[in-house]
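Heads up: the structure comes next, in C-alpha cells.
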Amino acid sequence: MQETPFCLRVGHLFPYSMSDSNTTEFTNPSTFILLGIPDLEAAHVWISIPFCAMYIIAILGNFTILFIVMTEPSLHGAMYYFVCMLAVTDLVLCTSTLPKMLAIFWFNSREIDFSACLTQMYFIHCFTVIESGIFVAMALDRYVAICHPLKHFTILTIPLVAKISLAVVLRGGIVVLPYPFLVRQWPYCTTNIIPQPYCVHMALVKLACADTRFSSYYGLFVLLCVMGLDGIFITVSYTQILRAIFSLSTKDARLKTFETCGSHLFVILAFYIPSLFISLMYRFAQNVPLHFHVLISNVYILMSPMLNPIVYGVKTKQIRDRLLRLFTQRGA
C-alpha cells in the first residue's frame, strides 16, 4: 500500500496509509517540537551567549527599577507606577520565553507540552498587548504633566491610575483570550514541528490542517486595530506634547522638558516599529530566509525588557539620583 507523508498522532510522527488520510485527524497533540533557529543549529551555543546576557540585564534592570520606586516615597506617582507596571510586564514577557529557549540552545530540550505551548503563546501575546497599553497610559501621563502641569496631580490621582492599570491588564487578557481556544480546536495532521524556539500564534496557524482564515484575520485585527489604535493615540499625545514644548519661552526650558519625555518616546519607538515590521514580514514577506526572521524575532522579544530599565534608569533624573545614592551608601 502506498504511503503518504507523515501524520501527527498524539504528538508523534509516523506514516499513515492513503485509506486513513481522509478519515482520520488528530487534534490536541501531546507535544510540539521547537527547532530553535533553523539552519543555525550548529551555532546555538554561540547564539545563546548574547541572549543570556540580554536576559540577565533585563532581570537585574527591571528588579532594580521596582526596588528603587517601591523604596523611595518621592517616586510614588503616576509615571513611576506605570514604569513599575512596565517592569513587571517585561519580566513576565522575557521569562516566558528565555528559559525554554536556553534549554533548547544548551541541552537540545526541544519538546514542549501542548498545554504549555498554548500557555506560552497566551502569555507572549497577552503581555505584548499589555505593554502597548502601558505605553498609552504613560503617554497620557506625559501629556497631562507637560500640557497641564498645574492639574497633573489632581487629574491623575492614585485611584485613577489604578483604574487605568486594571483596564490595561483586562484588555490584554480579554483580547488575546481567543488565541488558545482557536488553536486548541484545530487538527494538526502534517507535523508538530515549530521552526522557532517558542510558541506564537502565527507559527501554530501555519501548522494547522484546517481553515485558519478567521484566526489569521483576528491576529491582524489585534495588530492593526488594538496596537494600531494605541500607536495613533500615542502619536496624537506626543504631537500635543511637542507643540507645548516648542511654545515654551526659553531654550533651556524646551531642552529640559524634551529630555523628560525623550526617553519615553525612544522606548515607545523601539517597541512599535520592530513589532509592526516583524508581524507584517511574518504574514507577507515569503522570500525572507526563515532563520533571519526567527533570529530577528528573538532579539526583538528581549530588546524591550533589556532597554526599558536602562533608558529609564539613565534618562529619568529621579531614578538615576536614587540609584546613585543607593550605590554611594553601599560604598560608604
Side-chain angles (χ1 to χ4, degrees), residues 56-95 127 130-169 172 230 234 237-238 241 244-245 248 252-271 303-332:
I56 292 172
I57 293 171
I59 294 292
L60 293 177
N62 284 292
F63 271 119
T64 301
I65 293 291
L66 288 171
F67 175 78
I68 289 174
V69 173
M70 292 306 173
T71 57
E72 179 59 49
S74 65
L75 299 181
H76 292 178
M79 186 186 80
Y80 302 106
Y81 287 143
F82 291 139
V83 169
C84 284
M85 278 191 66
L86 186 64
V88 172
T89 301
D90 285 337
L91 286 170
V92 175
L93 193 58
C94 63
T95 303
F127 280 88
I130 289 174
E131 185 156 342
S132 178
I134 294 171
F135 286 135
V136 174
M138 295 174 77
L140 174 64
D141 172 78
R142 290 299 86 199
Y143 167 77
V144 176
I146 293 173
C147 297
H148 305 282
L150 299 179
K151 299 180 180 179
H152 184 216
F153 292 105
T154 58
I155 294 175
L156 284 177
T157 60
I158 299 303
L160 181 59
V161 170
K163 291 176 183 178
I164 292 173
S165 302
L166 180 61
V168 166
V169 173
D230 288 352
I234 291 170
S237 297
Y238 272 93
I241 289 170
I245 290 174
L248 294 174
D252 289 342
R254 288 195 295 268
L255 289 175
K256 184 177 180 181
T257 308
F258 185 79
E259 184 179 357
T260 302
C261 64
S263 58
H264 299 268
L265 191 58
F266 173 79
V267 167
I268 288 168
L269 292 176
F271 175 79
M303 187 168 62
S304 287
M306 182 190 69
L307 282 180
N308 291 346
I310 294 175
V311 171
Y312 288 115
V314 172
K315 298 296 291 183
T316 306
K317 184 179 184 301
Q318 293 87 340
I319 295 178
R320 184 175 67 244
D321 291 346
R322 180 67 181 89
L323 186 61
L324 289 174
R325 289 204 308 272
L326 180 66
F327 282 111
T328 302
Q329 291 171 359
R330 288 187 176 182

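- To the nearest 0.5 Å, atom OH of residue Tyr80 and atom OG of residue Ser74 are 7.5 Å apart.
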- request: Kindly indicate, with the supporting measurements, whether the criterion side chain to side chain contact (heavy atoms under 4.5 Å, CB included) is fulfilled by Tyr81 and Ile158.
  value: CA-CA 9 Å; Tyr81 287 143; Ile158 299 303; 3.3 Å; yes
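- Here the SG-CD1 distance, from Cys94 to Ile59, works out to 4.5 Å after rounding to the nearest 0.5 Å.
- Contact detail for Val69 and Leu75: the closest heavy-atom pair is CG1-O, 3.9 Å.
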task: Let me see the working for His148 and Tyr143 under side chain to side chain contact (heavy atoms under 4.5 Å, CB included), right down to the final yes or no.
output: CA-CA 7 Å; His148 305 282; Tyr143 167 77; 3.5 Å; yes
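- Using a 4.5 Å cut-off on side-chain heavy atoms (C-beta onward), Leu91 and Leu66 make contact.
- Applying the side-chain hydrogen bond (donor to acceptor under 3.5 Å, both in side chains) test to every pair with at least one member in residues 151-161, sequence neighbours left out, gives these pairs: Asp141-His152.
- A donor-acceptor pair under 3.5 Å links the side-chain atoms of Asn62 to the main chain of Pro305, judged by distance alone.
- What you find for Ala244 and Cys147 is that their closest heavy atoms are CB-SG, 3.8 Å.
- Take Phe82 and apply the ring pair (Phe, Tyr, Trp, His ring centres under 6.0 Å) test, not counting sequence neighbours, and it matches no residue.
- Atoms CE and CZ, from Met85 and Phe135 in turn, are 11.5 Å apart once rounded to the nearest 0.5 Å.
- Closest of all the heavy-atom pairs between Ser132 and Asp230 is OG-OD2, 2.6 Å.
- Side-chain atoms of Glu131 and Asn308, non-hydrogen and from C-beta on, do get closer than 4.5 Å to each other.
- The CG atom of Leu86 sits 9.5 Å away from the CD1 atom of Ile65 when rounded to the nearest 0.5 Å.
- Atom CD1 of Ile130 and atom OG1 of Thr89 lie 5.5 Å apart (nearest 0.5 Å).
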task: Go through the steps for Val267 and Leu307 under the test side chain to side chain contact (heavy atoms under 4.5 Å, CB included), then give the verdict.
output: CA-CA 7 Å; Val267 167; Leu307 282 180; 5.8 Å; no
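- Summarising the geometry of Ser304 relative to Asp90, their closest heavy-atom pair is O-OD2, 3.8 Å, with the distance given to 0.1 Å.
- Going from atom OH of Tyr238 over to atom CD1 of Ile146 covers 7.5 Å, rounded to the nearest 0.5 Å.
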message: Set out, in order, the CA-CA distance, both residues' side-chain angles and the distance that settles side chain to side chain contact (heavy atoms under 4.5 Å, CB included) for Ser237 and Arg142, then state yes or no.
response: CA-CA 8 Å; Ser237 297; Arg142 290 299 86 199; over 6 Å; no
